[in-house]
*Asks:* 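My questions will all concern the structure given below.
Below, each value reflects all heavy atoms present in this structure, side chains not excepted, and no hydrogens, waters or symmetry copies.
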Amino acid sequence: MDTRSIVVYKFGGTSVATPERIINVAKRLMAAKARGEKVVVVVSAMGDSTNKLIELANQVSNQPDSREYDALVSTGENISAALLAMALIDRNCPALSLNGAQAGIRTTDIYSRAKIMDIDCSRIQSELDAGKVVVVTGFQGVTPHDDITTIGRGGSDTSAVALAAALKAKTCHICTDVDGVYTTDPRMVPNARKLPIISYDEMLELASLGAKVLHPRSVEFGKQHQIELVVRSSFSDDPGTLVKEISEMEEGLRPVTGVTVDLNQARIAILKVPDRPGVAGTLFGHLSKNAVNVDMIIQSIEHDEINSITFTVHKNDLEIGKKVSEEFAKEVGAQGVVFEDNIAKLSIVGVGMISKPGVAATMFKALGEHNINLKHIATSEIKISCVIDQTKAAEAVRVLHDAFELEKETV
Ligand code: ASP
Ligand code: MG
């Protein structure tokens, strides 16, 4: 039996943006193969080519047909995969490219945001056994009816981790244009620190909260299947950041691991909603039927038997969210719907906050001292988020990074 281990690599758009960079990736993969690894590599589309495809779609149609939209935007990955395989073969490294369908990636049939259901790895496996580097297109799959789907912007990370899970690989290297996961965005806070290690749960929160380094679903897959993710630079041998299961004890003393801000949220409020059992269920049922992803939810009492319900959504979902909410308001006899999109969701994340009191107090006090007003607060076990005015976002991140001394090495 062939006991060499399968390692999955993913290279993002910046890493394959030019022919020279594709050759650089090919060389790195050849080195991995020479170390004895069985190499599967997932690629994104070159540079910003996915955006260009989307622009094209919008030039021929105001509302591009969803099936054809996916058929189009998935093609960027076909190009980079074929080019990378060519570059490998040219250097006498046996390789082949496989698109989503050829790689056996089956998804649900919700275009643009399909979910990977299962992967039939037999083709990949046999090509690996034949000694080839297998290059797989990220971001795409096929429905049970063989229609091409895409799995959401930035989805190649998820393709890679899902493949690692299906192939029972221990590690998935996410090679990208940053050299790891930082305590916050280093462009906002120059003394942000690179984390050597972070837990899945923390990474999941950071990824969902707007830290763009990993696609959230990829972290979920990693956690579910216990695949170690290594976030690292495509251009250096720097070890990067390891994402794995770590206990609170191993976490050491740090109460907060990272600060993040999401500028792509909008909030919708439904005013004077009659307080009856089932109204919230009706509203969020309608929203979910329309595939609107709701984030923070706040129901507050206005006065007797009248509530307001406020929630946040991604800006892309604002129009549909508003429409659904307006219909709901009519249906239940609420007063009306208001919305706001110049907000920012600011969050601190850390497994350590479970056992350390006073974290919320430190956060709110620091923001208060800088005159930053909190519009909403929401918490989970390892996260505290608040909605603030968007104009204060950058300042707020710096304030919290300082307040929790995240620039300092802890463990
Ligand atoms: N090319 C796709 C995008 O730009 C998928 C990816 O890069 O992960 O969203
Ligand atoms: Mg991309």
Side-chain angles (χ1 to χ4, degrees), residues 6 8-13 15-16 22 25 29 38-47 49-54 57 64-86 88 95-128 132-169 172-175 214-218 220-222 224-225 227:
I6 298 177
V8 178
Y9 292 84
K10 181 258 171 176
F11 286 88
S15 314
V16 294
I22 290 176
V25 171
L29 295 171
K38 283 184 167 182
V39 178
V40 174
V41 53
V42 173
V43 284
S44 293
M46 295 172 75
S49 55
T50 308
N51 290 342
K52 299 229 168 77
L53 293 168
I54 293 172
D65 176 81
S66 56
R67 179 183 182 279
E68 303 313 324
Y69 183 90
D70 276 15
L72 174 73
V73 301
S74 60
T75 59
E77 273 69 12
N78 300 347
I79 294 173
S80 48
L83 286 171
L84 177 56
M86 262 178 220
L88 286 160
L96 92 164
S97 66
L98 298 175
N99 67 19
Q102 292 170 316
I105 302 175
R106 293 278 164 196
T107 72
T108 56
D109 57 6
I110 314 258
Y111 293 110
S112 297
R113 46 172 99 169
K115 292 221 158 74
I116 297 175
M117 293 189 298
D118 75 281
I119 304 181
D120 172 359
C121 293
S122 44
R123 175 77 189 269
I124 297 181
Q125 201 74 59
S126 64
E127 301 293 354
L128 285 173
K132 292 182 189 164
V133 168
V134 180
V135 187
V136 181
T137 52
F139 187 47
Q140 53 167 277
V142 279
T143 68
H145 302 290
D146 286 338
D147 290 315
I148 298 166
T149 51
T150 62
I151 61 170
R153 295 304 308 271
S156 300
D157 293 344
T158 300
S159 308
V161 182
L163 274 169
L167 290 161
K168 304 200 173 18
C172 181
H173 295 265
I174 308 282
C175 307
L214 281 178
H215 194 240
R217 212 150 148 68
S218 69
E220 264 171 39
F221 263 112
Q224 229 168 27
H225 301 276
I227 293 157

*Asks:* For the atom pair CZ (F139) and OG1 (T149), what is the distance rounded to the nearest 0.5 Å?
*Replies:*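 Between F139 CZ and T149 OG1, I get 9.5 Å after rounding to 0.5 Å.
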*Asks:* Is a salt bridge present between K115 and D109, judged by a nitrogen-to-oxygen distance below 4.0 Å?
*Replies:*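 A salt bridge is absent here (no side-chain N lies under 4.0 Å from a carboxylate O).
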*Asks:* I need the single residue from V8, L96, I124 that forms a side-chain contact (heavy atoms from CB on, under 4.5 Å) with V136. Which is it?
*Replies:*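 So, applying the side-chain contact (heavy atoms from CB on, under 4.5 Å) to V136 and each of V8, L96, I124, only I124 qualifies.
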*Asks:* Consider side-chain contact (heavy atoms from CB on, under 4.5 Å). Of V134, L163, V39, L167, which one does I6 pass it with?
*Replies:*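 Checked V134, L163, V39, L167 against I6; only one passes side-chain contact (heavy atoms from CB on, under 4.5 Å): L167.
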*Asks:* Please find the pair of heavy atoms, one from L72 and one from T75, that lie closest to each other, and give the distance.
*Replies:*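 It is O-OG1, 2.7 Å.
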*Asks:* Is there a side chain to side chain contact (heavy atoms under 4.5 Å, CB included) between I22 and M46 once you walk through the steps?
*Replies:* CA-CA 9 Å; I22 290 176; M46 295 172 75; 4.2 Å; yes
*Asks:* Mind checking the CG-CZ spacing from D147 to R67? Nearest 0.5 Å is all I need.
*Replies:*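 These two atoms lie 4.0 Å from each other.
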*Asks:* Does the side chain of D70 pick up a donor-acceptor pair with the side chain of T150 at under 3.5 Å?
*Replies:*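 Checked: D70/T150 side chains pair up, N/O donor to acceptor below 3.5 Å.
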*Asks:* Please report the closest heavy-atom contact between S97 and A85, naming both atoms and the distance.
*Replies:*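 Scanning both residues, the minimum pair turns out to be N-CB, 3.8 Å.
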*Asks:* Apply side chain to side chain contact (heavy atoms under 4.5 Å, CB included) to residues L84 and L29 and explain how you reach the verdict.
*Replies:* CA-CA 10 Å; L84 177 56; L29 295 171; 3.9 Å; yes
*Asks:* What closest approach, in Å, do C172 and A164 show between heavy atoms, and which atom pair accounts for it?
*Replies:*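 Closest approach of C172 to A164: CB-CB, 4.1 Å.
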*Asks:* Grab the two heavy atoms, one from I116 and one from A162, that are nearest each other, plus how far apart they are.
*Replies:*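 Shortest heavy-atom separation between I116 and A162 comes out as CD1-CB, 3.8 Å.
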*Asks:* Indicate the atoms forming the closest heavy-atom contact of S159 with I151, along with that distance.
*Replies:*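 That would be OG-CD1, 3.5 Å.
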*Asks:* Count the heavy atoms of every other residue, nucleotide or ligand shown that sit under 6.0 Å from CG of L53, and state whether that count exceeds 12.
*Replies:*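 Count over threshold, so yes.
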*Asks:* Among R217, E220, H215, whose side-chain hydrogen bond (donor to acceptor under 3.5 Å, both in side chains) with T158 holds?
*Replies:*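 Passing option: H215.
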*Asks:* How long is the gap from CD1 on I174 to CZ on F11, to the nearest 0.5 Å?
*Replies:*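 It is 10.5 Å, given to the nearest 0.5 Å.
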*Asks:* Using a strict 4.0 Å threshold on nitrogen-to-oxygen distance, state whether D120 and R106 make a salt bridge.
*Replies:*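 Answer for the salt bridge query: no.
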*Asks:* Are the side chain of T137 and the backbone N or O of N78 linked by a donor-acceptor pair below 3.5 Å?
*Replies:*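 No; zero donor-acceptor contacts below 3.5 Å.
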*Asks:* Can you check whether G100's main-chain N or O pairs, donor with acceptor, with Q140's side chain at less than 3.5 Å?
*Replies:*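 Yes, the answer is positive, given that a donor and an acceptor are paired below the 3.5 Å cut-off.
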*Asks:* Are any non-hydrogen side-chain atoms of V135 and M86 less than 4.5 angstrom apart?
*Replies:*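 With C-beta onward as the side chain, the pair stays apart.
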*Asks:* What's the verdict on side chain to side chain contact (heavy atoms under 4.5 Å, CB included) for S44 and E77, showing C-alpha distance, side-chain angles and the deciding distance?
*Replies:* CA-CA 5 Å; S44 293; E77 273 69 12; 4.1 Å; yes
*Asks:* Report the C-alpha separation of Y111 and I148 in whole Å, then their side-chain angles, then the decisive distance to 0.1 Å, and conclude whether the side chain to side chain contact (heavy atoms under 4.5 Å, CB included) test is met.
*Replies:* CA-CA 8 Å; Y111 293 110; I148 298 166; over 6 Å; no
*Asks:* Looking only at heavy atoms, which two atoms of C175 and S15 are closest? And how far apart?
*Replies:*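 That closest heavy-atom pairing would be O-OG, 3.8 Å.
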